[in-house]
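Protein chains get the first letters and strands the later ones, always in sequence-line order, with residue 1 at the start of each.
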2 protein chains.
Amino acid sequence: MITIKDVAREAGVSVATVSRVLNENGYVGEETKKKVLKAMNSLNYSPNEVARSLYKRESKLIGLLLPDITNPFFPQLARGIEDTVNQSGYRLLLGNSDEELEKELDYIQTFVQNNVVGMISATNHVDQNIYDALQIPLVLLDRTTDQYPSVYSDGREGGRLAARTLVDKGARRVTLMKGPAHVKPAQDRFKGAVDVLSDADIDFSVLATTSYSFEDAKGWAEELFQKYPNTDGVIASNDIVGIAIIHEALRLGKRIPEDLQIIGYDDIPQSSLSYPPLSTIRQPAYEMGQAAAELLLQTIKKEPGIETKIEMPVEFIERDTTRKE
Amino acid sequence: MITIKDVAREAGVSVATVSRVLNENGYVGEETKKKVLKAMNSLNYSPNEVARSLYKRESKLIGLLLPDITNPFFPQLARGIEDTVNQSGYRLLLGNSDEELEKELDYIQTFVQNNVVGMISATNHVDQNIYDALQIPLVLLDRTTDQYPSVYSDGREGGRLAARTLVDKGARRVTLMKGPAHVKPAQDRFKGAVDVLSDADIDFSVLATTSYSFEDAKGWAEELFQKYPNTDGVIASNDIVGIAIIHEALRLGKRIPEDLQIIGYDDIPQSSLSYPPLSTIRQPAYEMGQAAAELLLQTIKKEPGIETKIEMPVEFIERDTTRKE
DNA sequence: AAGTTATGTGTAACCGGTTACACATAACAG
DNA sequence: CTGTTATGTGTAACCGGTTACACATAACTT
């Protein structure tokens, strides 16, 4: 491994001078600078981040904590974050918590031990005050509290939008799927939809689901039609479940959207590829990732007067599982 | 920040003793150990990884380089890796290269600068000898070369299996979709399929695709039916494209699998949720991730006589886009 | 011309761990 | 009872960077 000492020797200067050239700070003579640069080049020097991080008590790493990257909503978030922080030279330490408090705590500890500059968390144990003692900038993503800067979409409004759309488009026996109870944004959507459905002159039933996994999605879809075979409008807890419902409905010979309208949530990439393409409430995942990353970077730089709560718009994406005018 | 010195002072011993307790090596008296443990506990001490990593020239981080986590095949790989390395106390530094050499080099440099213990790479510039100079254990995933340990599935056989299956099930005008030229495993599949199709008494055409992205998938599907409207069997370059083809075929009023059979590749989770569910060649992504992680851990521990090339089985998953007997 | 400020460079302390080495004492062997 | 080995603990060097500080010289001021 080539160290700063090797470069110093090669260039005939002290390590301090090499460090100054490296960081472009302090005074360095023009000629000296050239010599050092040449030495770095010929030795193929790459400064050790760990040493820098130790002295500065701050690495160029950002901790990213997700519930489960296997859920298609999150890869997009992650890319939005990665692409943004990379531009400022930061890299990601990734952790999946599976919504388990213990894993979450473990990852947070790892992040701290590695001197991360900041953290972005899209998990659910924020209410526990596990982040409080930390002196590290934190941005919450896809959820919000008073305490920390956060980027989220208006779940309540998304839920309302879904319900309003379905009612407007003529659904009269609506089934509302409720997402896992411990997933905060899922509850917001649910409440939003209940707001609207309660005020409308229609029947509706609620089906509670306890996970977002692919394996279970098919089961929720089956349960849905067993319990409520006559429903003519489904508000799915997310797009995966929505796609599973399309699947099951077609299997049962229902016509979409004539017999049954379906509306998803998230707008994951595969939603436009289903047949019929899934109408859904879009959360702009990539952009949310970007926004969270930018907010974190601003917090790190201690930029004054930054907006610390960024609410992203939700939007109805009309495709073919809802009726047209 | 609580350091080892604080603990030493609190326990009334030297830092060396604290370190010995921490690492459970060297001699430590029973009583002393208790005192130190108590001090650690009461101060809520968490040792700084960066300092350890500097001295040992080795961190507890593993670099993971993927083409694009947004492609649904990769989150599963990533989880397989993460879940496995976590058991040995390692964490992941994640990078997406988008198959760009420059990003790949950047990430490799970052990994080195952070003293990673090992790297897992699923990207394509392995032929360039960018990994050669590194003194860091490397495992290739989803591709293979002579030089490095690797975990991959038999693409050639997968391609053959897809073609053989389609021919057996009665397709007579097969369209073979060729994946991006720079993606090695895609070429293997292609060649395998060509092997079989060339030997069979059937017509076939080739449609070249240049990306795996969701946005483009729909375009490939459209192009497919414009160029080869009478095809009765499609070997898709992967499941995303396969799902897009189902979508387009249904839109055009084709019956699946009566008029058109489709076979995908990968078996991503959403493939079973399409309608009709997509028949496909399965690569066991999660298990491949696990295997790669285990192989890397063994390499790190310098376990002797380990198998360095692990070929995972491919398997035909029969669903409803191919005809049954 | 003397005083002040700007520029250029090196020495050594520091970041928070790990460990080689020195030293002391206890346990054991013959 | 002395020599050897095992056990327990502390001091200080080390990992590879960054930077406070000291010092020297050059460039301005007035």
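- Closest to the side chain of B/K5, from the set D/dT18, C/dC15, C/dG17, is C/dC15.
- A/R57 has its CZ atom 6 Å from the C1' atom of C/dC15, to the nearest Å.
- Under the 4.5 Å side-chain criterion, counting only non-hydrogen atoms from C-beta, B/F111 is in contact with B/L93.
- Residues from residues 109-118 of chain B that place a heavy atom under 4.0 Å from any atom of DNA chain D: there are none.
- Each end of the helix from C/dA1-D/dT30 to C/dG30-D/dC1 gets its own axis, taken as the rotation carrying the C1' atoms of four end pairs onto the next four within a five-pair window, and the two axes meet at 40° to the nearest 10 degrees.
- Within the 4.0 Å cut-off from OP1 or OP2 of C/dG10, at least one side-chain nitrogen or oxygen of A/S14 is found.
- Set against D/dT9, C/dT9, D/dT18, the side chain of B/V28 has D/dT9 as its closest nucleotide.
- Using a 4.5 Å cut-off on side-chain heavy atoms (C-beta onward), B/I81 and B/L141 make contact.
- The residues B/D106 and B/K103 are annotated as not salt-bridged, no charged nitrogen and carboxylate oxygen being separated by less than 4.0 angstrom.
- Straight-line distance from the CD1 atom of A/I4 to the C1' atom of C/dG10: 13 Å, rounded to whole Å.
- Listed by chain and number, the residues in a side chain to side chain donor-acceptor pair (under 3.5 Å) with A/T144 are A/S150 (sequence neighbours excluded).
- Residues meeting the salt bridge (charged side-chain N to carboxylate O under 4.0 Å, His left out) test with B/D142, sequence neighbours left out: none.
- Within the 3.5 Å criterion, the main-chain N or O of A/G29 finds no donor-acceptor partner in the side chain of A/K34.
- For the pair B/A51 and B/E30, both in contact range of DNA chain D, the more 5′-proximal nearest nucleotide belongs to B/E30.
- No contact: B/V18 has no heavy atom under 4.0 Å from any strand.
- Taking atom CG of residue B/L54 and atom P of nucleotide D/dA13, one finds them 17 Å apart after rounding to whole Å.
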Give every pair of a protein N or O atom and an N or O atom of nucleotides 19-21 of chain D that lie under 3.5 Å apart, one pair per line with the distance.
from	atom 1	to	atom 2	distance (Å)
D/dT19	OP1	A/K56	NZ	2.6
D/dT19	O4'	A/Y55	OH	3.4

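- Considering only side-chain atoms of A/R52, the nucleotide from D/dT18, C/dA6, D/dG8 that sits closest is D/dT18.
- Where A/K33 and B/I2 each meet DNA chain C at their nearest nucleotide, the meeting point lying more 5' is that of A/K33.
- A/T70 is linked by a side chain to side chain donor-acceptor pair (under 3.5 Å) to nothing, counting only residues two or more places apart in sequence or in another chain.
- Remark: B/T84 pairs with B/Q290, B/A293, B/E294, B/L297 by the side chain to side chain contact (heavy atoms under 4.5 Å, CB included) rule, at least two apart or across chains.
- Atom CD of A/E31 is separated from atom P of C/dG8 by 12 Å (rounded to the nearest Å).
- Judged as a salt bridge (charged side-chain N to carboxylate O under 4.0 Å, His left out), the pairs with a partner in residues 46-57 of chain B (not counting sequence neighbours) are, in order, B/E49-B/R52.
- At D/dG8, none of the side-chain N or O atoms of B/Y27 fall inside 4.0 Å of OP1 or OP2 (strictly under the cut-off).
- For A/D266, the side chain to side chain donor-acceptor pair (under 3.5 Å) test picks out A/Q283, with sequence neighbours left out.
- Here A/S53 lies out of heavy-atom contact (under 4.0 Å) with every strand.
- In this structure, A/V116 and A/I136 have side chains that are in contact, with non-hydrogen atoms separated by less than 4.5 Å.
- Residues passing the salt bridge (charged side-chain N to carboxylate O under 4.0 Å, His left out) test with A/R79, sequence neighbours excluded: A/D83, B/D68, B/D98.
- Residues of residues 37-45 of chain A that place a heavy atom closer than 4.0 Å to DNA chain C do not occur.
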Scan the side chains in residues 59-66 of chain A for donor-acceptor partners under 3.5 Å anywhere in the protein, sequence neighbours excluded, and list what turns up.
from	atom 1	to	atom 2	distance (Å)
A/S59	OG	A/L61	N	3.1
A/S59	OG	A/N114	O	3.3
A/S59	OG	A/N115	O	2.9

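- The side-chain heavy atoms of A/Y152 and A/M312, taken from C-beta on, include no pair separated by under 4.5 Å.
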